[in-house]
Amino acid sequence: MAGFTVCLVLVVAAVGLLRWRRPAWYWLTFGVALAVVRVLVRYGSVMDACGLTVPPARWRLALARATNRPIPGPRAPRILRLRPTRTGLVVRLKLRPGQDAFDIAAASDRLRHSFSMYGVTSRELRSGVVEVRMTGYDVLKRVQMPTETETRPMRVPVALRQDGSVHYRDYRAIPHALTLGATESGKSVYQRNLVAGLAPMDVALVGIDCKQGVELFPLARRFSALADSPATAADVLDALVVRMERIYQVIRAQQRIAADVPDAEIAADIWDLPSDLRPTPVVVLVDEVAELALYANKDEEKRRDRIITALVRLAQLGRAAGIYLEICGQRFGSELGKGITMLRAQLTGRTAHRVNDETSANMAFGDIAPDAVLAAIQIPAEMRGLAIAGDSSGGWHRIRAPHTSLRQAVNICNRHADRTPDLPELAPFRPALSGSADAPSPTAKPSPATA
């Protein structure tokens, strides 16, 4: 008996230590079984206490009276499926008549406490069916991406969401995006994850890094063009506008709008073209957009207007030509001058790391999800990489990208350097590399305007 007690104490201590030091391991070994039992046992009483039940149908009451049986009690949503995952539980519910998906969303915090879970979120799958995702521990404290993700062209897994699902950057669904974040907020790590995810794909990368290239030039072997100053950036953006116009000419020539051609075969963007004629898509990464919008004299003001005009044109017209914008900055506000709010209106995706002022958070989410503004300004300084991601639909999520060092990103880019395409319009801006594979030179070939 004493030996059994000692073993039981050791097991309980080991479980407690595992839950404290390795919550993911604890969840996969003990937590998931306990959570399933908790949900199934408490389900009816919890739903009744949270106001998520409806009175029994009239025919049930009439049948009970006719057969002299007990009156049936309130009915909770029916569980269609309960599926354990590596981070929590996924419960699919069939709503009863009179219930709404908003009722489940409004009660998510009460469900979290009642089922002793870390977080509960819900979304409507179709009419009458709601999916409730429960997380068993803080998945954003120590981000571990799943080994297998749903990858397809121009779709990059970059972070983990608070509900345990993977956050993707899908350029074909959301062509242009804005990423904000103060110094030491994790914005650079998020950008490295983007580059590392795009490196194995057939895509051209164009970088604009006005901090003398300290962020993007170490990754130069995977970039088709790089600019380290506003003057060079203006020439690169003008070259991209020229490329966009040429691609539209190719699409126009291949539209096949004859009367005998089915509508499905009419080309409207590069993805409708045959694979042998399809131009290489281009992703433009701007590391600090405020540096492109600042000016100190008349000449710099003209260059600034030229840059913003080119960015707005690419944001408005570049999607069909396969040109996508990824604009990052510490500060993004209307005080950057004319054209900035017009540019923001074209950036569908929004990601905000910790910001220093509420105005930047308003510029990111004020026009699409006002409740995300409060979440963005409440990000603690010690949680680097934590961000709020949303889009023009109004939905938003808390995400956190896994830590990727600059050395790891450089190794990935060097490994896939053979995929770097040579684009004629961007040839003058191709970075000049040294002979060493690990030390690309932080210089780029000068543009014709600056040569």
Side-chain angles (χ1 to χ4, degrees), residues 23-24 27 31-32 34-36 38-40 42-43 46-47 49-52 76-95 99-146 149-150 157-170 173-174 349-352 365 368-376 378-380 383 385-401:
W27 174 257
V32 62
L34 296 176
V36 169
R38 224 169 23 238
V39 170
L40 294 179
R42 300 180 183 176
Y43 181 75
V46 167
M47 290 295 173
C50 293
L52 298 177
R78 183 161 55 94
I79 298 179
L80 297 180
R81 186 174 68 179
L82 192 152
R83 178 171 58 90
T85 65
R86 57 185 291 270
T87 59
L89 300 176
V90 178
V91 185
R92 187 168 294 183
L93 303 178
K94 175 65 176 177
L95 300 181
Q99 291 184 325
D100 185 75
F102 179 75
D103 299 334
I104 306 294
S108 59
D109 200 51
R110 285 175 285 172
L111 295 176
R112 176 175 68 89
H113 291 291
S114 301
F115 291 132
S116 300
M117 304 296 286
Y118 183 82
V120 174
T121 59
S122 66
R123 65 187 182 99
E124 182 179 355
L125 297 181
R126 59 180 183 273
S127 178
V129 178
V130 174
E131 182 182 81
V132 179
R133 299 185 70 94
M134 307 180 184
T135 51
Y137 59 96
D138 187 0
V139 298
L140 301 184
K141 184 178 181 180
R142 185 178 179 183
V143 178
Q144 294 179 342
M145 297 290 286
T149 56
E150 300 177 4
V158 292
L160 199 65
R161 291 181 177 176
Q162 191 178 18
D163 60 1
S165 60
V166 179
H167 179 72
Y168 293 91
R169 177 68 179 93
D170 193 343
I174 302 177
R350 311 285 175 82
T351 303
F365 300 112
I368 59 173
D371 52 339
V373 175
L374 183 61
Q378 289 179 342
I379 297 177
M383 290 290 288
L386 187 64
I388 307 298
D391 53 51
S392 58
S393 65
W396 58 276
H397 308 273
R398 283 185 178 88
I399 65 170
R400 194 179 189 187

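The shown structure was predicted, so the numbers you read here are calculated from the model rather than taken from an experiment.
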Using every non-hydrogen atom in the two residues, find where I174 and G349 come nearest and quote the distance to one decimal. CG2-N, 3.3 Å
Can you tell me how far the CG atom of L80 sits from the NZ atom of K94, to the nearest 0.5 Å? 7.5 Å
To the nearest 0.5 angstrom, please state how far the CZ atom of R42 sits from the OG atom of S116. 4.5 Å
Is M134 close to V132 at the side-chain level, that is, under 4.5 Å between some pair of heavy atoms? yes
Without swapping roles, check the side chain of R92 against the backbone of V129 for a donor-acceptor pair under 3.5 Å. no
Kindly indicate whether the side chain of D163, heavy atoms from C-beta on, has any atom under 4.5 Å from the side chain of R398. no
Between L111 and M47, is the side chain to side chain contact (heavy atoms under 4.5 Å, CB included) condition met? List the steps. CA-CA 8 Å; L111 295 176; M47 290 295 173; 4.3 Å; yes
Between L95 and D103, does the side chain to side chain contact (heavy atoms under 4.5 Å, CB included) criterion hold? Intermediate values first, please. CA-CA 10 Å; L95 300 181; D103 299 334; over 6 Å; no
Determine the minimum heavy-atom distance between V139 and L160, stating which atoms define it. O-CD2, 3.9 Å
Rounding to 0.5 Å, atoms CD1 (I379) and CD1 (I388) come to a distance of 4.5 Å
Are the side chain of T135 and the backbone of G119 linked by a donor-acceptor contact shorter than 3.5 Å? yes
Say whether, by atom type as modelled, one donor and one acceptor occur between the side chain of S114 and the main chain of R110 under 3.5 angstrom. yes
Looking at every heavy atom in both T351 and A387, which two are closest together, and how far apart are they? CG2-CB, 3.9 Å
Look at the side chain of Y168 and the backbone N and O of E150, then say whether any donor-acceptor pair between them is shorter than 3.5 Å. yes
Side-chain (Q162) to main-chain (H397) donor-acceptor, under 3.5 angstrom: no
Taking all heavy atoms of G390 and all of F365, pick out the closest pair and write down the distance. N-CE2, 3.9 Å
What one should report as the nearest heavy-atom pair of G164 and T87 is CA-OG1, 3.5 Å
To the closest 0.5 Å, what do you measure between CZ (R133) and OG (S122)? 11.5 Å
Which distance, rounded to the nearest 0.5 Å, do you find between the CG of L82 and the CG of L93? 9.0 Å
Donor-acceptor pair, R38 side chain versus F115 backbone, under 3.5 Å? yes
Reported CE-to-NE2 distance for the pair M145 and H167, which is rounded to 0.5 angstrom: 10.0 Å
Please check if the side chain of W27 supplies one atom and the backbone of T85 the other of a donor-acceptor pair under 3.5 Å. yes
Shortest non-hydrogen separation from L89 to P84 and the atoms involved: CD2-CA, 3.8 Å
